[in-house]
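What follows is a set of notes on a single structure, which appears directly below.
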Number of protein chains: 2
Amino acid sequence: MTVTLADVAARAGVSSATVSRVLNGNYPVADGTRTRVLRAVDELQYVVNGPASALAAATSDLVGILVNDVADPFFGIVASAVQSEMGGEGVTGAGQKLAVVCNTGGSPERELTYLTLLRRQRAAAVVLTGSAVEETAHSTALADRLRHLAAGGTRIVLCGRPPLPPRSGTTEQPPAPAEDGVVTLTFDNRGGSHRLTAHLLTLGHRRIGYVTGPADRSTTRHRLEGHRRALGEQAPEALAEAERLTVHGGAYDRSAGYDGALELLRRAPDLTAVLAANDTVALGVCAALRDRGLRIPEDVSVGGFDDLPFAADASPALTTVRLPLHEAGARAGRLALGLETPPPGDVATVRADLMVRASTAPPAPR
Amino acid sequence: MTVTLADVAARAGVSSATVSRVLNGNYPVADGTRTRVLRAVDELQYVVNGPASALAAATSDLVGILVNDVADPFFGIVASAVQSEMGGEGVTGAGQKLAVVCNTGGSPERELTYLTLLRRQRAAAVVLTGSAVEETAHSTALADRLRHLAAGGTRIVLCGRPPLPPRSGTTEQPPAPAEDGVVTLTFDNRGGSHRLTAHLLTLGHRRIGYVTGPADRSTTRHRLEGHRRALGEQAPEALAEAERLTVHGGAYDRSAGYDGALELLRRAPDLTAVLAANDTVALGVCAALRDRGLRIPEDVSVGGFDDLPFAADASPALTTVRLPLHEAGARAGRLALGLETPPPGDVATVRADLMVRASTAPPAPR
DNA sequence: CTGTTAGCGCATTCAG
DNA sequence: CTGAATGCGCTAACAG
């Protein structure tokens, strides 16, 4: 019914082993034979049986990309960048990886589930993107599972989240990096956030509201830490009331920003700036401010994070911190394919640059 | 090294067939045996070898979801809805499908490539979402490949695109539906667009600009057709200059709307309304109008399409046509799993409802 | 209800 | 450079 290697072999007048060799291209085959085989493949419309070859070779061409939210452009950009590196070899060719995105919805359970599903498929690699859930039980479970996968030959790349915690159970010196083949590309969230807050402080702002991302997420924590550190360094007096000026948004979405800004306004009607966990949240903040009759940046300055495409388009254009999402995703893809040598220590930090635009300005004179 | 079915069988003191049966749960097994096996599975941390089982069973648990643009929320919503239906059976269980999204970037070639990759994996199902590229060579190639897949046991669902063209080569009567097991959920783009334009005409608008989506896409064409039909029915005089008032946007993105609106204003400074191919484009239109000093809806009314979450949040809230994206995606998922019986004729049309909001109003009196 | 027996389609030794 | 033979890990008859 379905055409197999043997069919192609018969048609080309060679053995199936030879067909396999030309298809995988990792073995010398005479030119004449090769073309004959290729022609047969074409005429028969032969398509490799993935499972069979995965079984025999003990490795598949599946590459999983785990994202927290497919509907969020942040992940869309990273995912498509990862995929962009998987093109190779043309359609017929082997080596064609099937890059595939798995939507965890930010749920630790689904993250784990996908990981076993991918393990079951003997995935060639898996790339985990975006912030990690910081809950001890989950993170050790996750680390365990990832190390299992890595041990089974699956390449693991973390993109946009912190490195795995050191192996559980061992009481070694903490500075020893994982050393387990898991490569990490982590964003400089603390640094970027620090620079953004410093920018506001330099403009003269002292009462700066902050709407965080969801709790228990590494990114949420790091960005807040960077903010607080800048405050501590440049305006210790502002740090004192930082807690009161911080609202915990429940998600990285617009309504978190909208509601958060209203709450901030309630707590401190005299604030002169609001920083948000990311650009989407920032847009919600802007909407709330406008609904309250406040002008941006004349009355209140606003800052975001990520620099998604719409940030520059917003009105006013949003001051934010740029994360080179596409670049990082592409690099993660190459790392996943083993096309690029891992950074020393298997951890690299990706820069986060301040982008000053129209949504921030000096506070209005009182 | 890696633990296999046989290892589990040995440990549980049964045959490997029995282990297979409890794992797949589709065969009677004594309760005592079952628990013994399950315990062994657990102790050994056994994970099924997907490729091996796919090879033996001639079908895998992979479900592919093809989307035109992962970074676009339209697809994110549909994709996550499809995935939401794949939960089943708990983590250990078999039957767990690996739903996986493939980003074609709107490229016909990548679409075809993914299809062969999925065929190679013997995917259980594939769901193609969003508008189809309307180019004869490609659509027949696509239809061919899909029918191959279907013949090979892969379930095919089209969601948000028109049904496949009738089988090439046969000169049968056109009304005969495909009858090849490909199920289609098509959106009522023409009808929705018709209702939106009718709404504007009823308000009194006569000079209505239109910014289309990318050329060669089914969705682009259908929406434009609905618009023109409404014009023809209710305002034949307006239809006459419809061509001049139509700008072809190059993509479903914001800048297409921005540039398109500027071009429209150049051609017809006196237009009173602008319709866009979708909400994202509409937002670009709004930005351009505002930059030109025009108020919405006092000076110009604006309408979108899709009703993505941000449409209701925009200011002013966008009048648009609501597509039940989540509902349609979930249904596509169930259809892909064979959990729901296909509609008669294997084609169902999904409704598109007009959502009147603040961005449309009667034209200003002259 | 459970064990035995064959392959599934391909990648690899190992010989030629 | 090429062919023949073996087995990857599992499922599906087929017996018991």
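In what follows, chains are A, B, ... by sequence order, proteins preceding strands, each numbered from 1. Computed from heavy atoms alone, side chains included, the values below leave out hydrogens, waters and symmetry copies.
For DNA chain C, the outermost nucleotides in 5' to 3' order that have an atom under 4.0 Å from a heavy atom of chain A are C:dG9 to C:dT13.
Of the two residues contacting DNA chain C, namely A:Ser53 and A:Tyr27, the nearest-nucleotide position lying further toward the 5' end is that of A:Ser53. Between B:Arg36 and A:Ala56, it is B:Arg36 whose nearest contact on DNA chain C lies nearer the 5' terminus.
Interatomic distance, B:Ile65 CD1 to B:Asn103 CG, rounded to the nearest 0.5 Å: 12.5 Å. Interatomic distance, A:Arg145 CZ to A:Leu112 CG, rounded to the nearest 0.5 Å: 4.0 Å.
Counting only residues at least two apart or on different chains, no salt bridge (Lys or Arg N to Asp or Glu O under 4.0 Å) pair has a member in residues 98-107 of chain A.
Listed by chain and residue number, nothing satisfies the salt bridge (Lys or Arg N to Asp or Glu O under 4.0 Å) test with B:Arg21 (two or more places apart in sequence, or in another chain). Residues meeting the side-chain contact (heavy atoms from CB on, under 4.5 Å) test with B:Ala71, sequence neighbours left out: B:Asp69. Evaluation of the salt bridge (Lys or Arg N to Asp or Glu O under 4.0 Å) rule for A:Arg155 yields no partner, not counting sequence neighbours. Considering only residues two or more places apart in sequence or on other chains, A:Arg122 meets the salt bridge (Lys or Arg N to Asp or Glu O under 4.0 Å) condition with none of them. In this structure, B:Thr35 has no side-chain contact (heavy atoms from CB on, under 4.5 Å) partners at least two apart in sequence or on a different chain. For B:Ser15, the side-chain contact (heavy atoms from CB on, under 4.5 Å) partners at least two apart in sequence or on another chain are B:Ala17, B:Thr18. With sequence neighbours excluded, no residue forms a salt bridge (Lys or Arg N to Asp or Glu O under 4.0 Å) with A:Arg39.
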Show me the side-chain donor-acceptor pairs of residues 327-344 of chain A shorter than 3.5 Å, one per line, residues at least two apart or across chains.
from     : atom 1 : to       : atom 2 : distance (Å)
A:Arg331 : NE     : A:Glu340 : OE2    : 2.9
A:Arg334 : NE     : A:Glu85  : OE1    : 3.4
A:Arg334 : NH1    : A:Glu340 : OE1    : 2.2

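Within 4.0 Å (heavy atoms only), A:Leu5 reaches sugar-phosphate atoms of the nucleic acid but no base atom. Using a 4.0 Å heavy-atom criterion, one finds that A:Thr4 contacts the sugar-phosphate atoms exclusively.
Between its opening and closing five pairs, the helix from C:dC1-D:dG16 to C:dG16-D:dC1 changes axis direction by 30°, a value rounded to 10 degrees.
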Could I get a table of every N or O pair under 3.5 Å where one atom is in the protein and the other is in nucleotides 3-5 of chain D?
from  : atom 1 : to      : atom 2 : distance (Å)
D:dG3 : OP2    : A:Ser15 : N      : 3.0
D:dG3 : OP2    : A:Ser15 : OG     : 3.3
D:dG3 : OP2    : A:Thr18 : OG1    : 2.6
D:dG3 : N7     : A:Arg21 : NH2    : 2.7
D:dG3 : O6     : A:Arg21 : NH1    : 3.4
D:dG3 : O6     : A:Arg21 : NH2    : 3.3

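Distance A:Leu55 CG to D:dC10 P: 9 Å, rounded to the nearest Å. Remark: P of D:dG9 and CG of B:Asn24 are 17 Å apart, rounded to the nearest angstrom. One atom, CG of B:Asp61, and another, C1' of D:dT11, lie 14 Å apart when rounded to the nearest Å.
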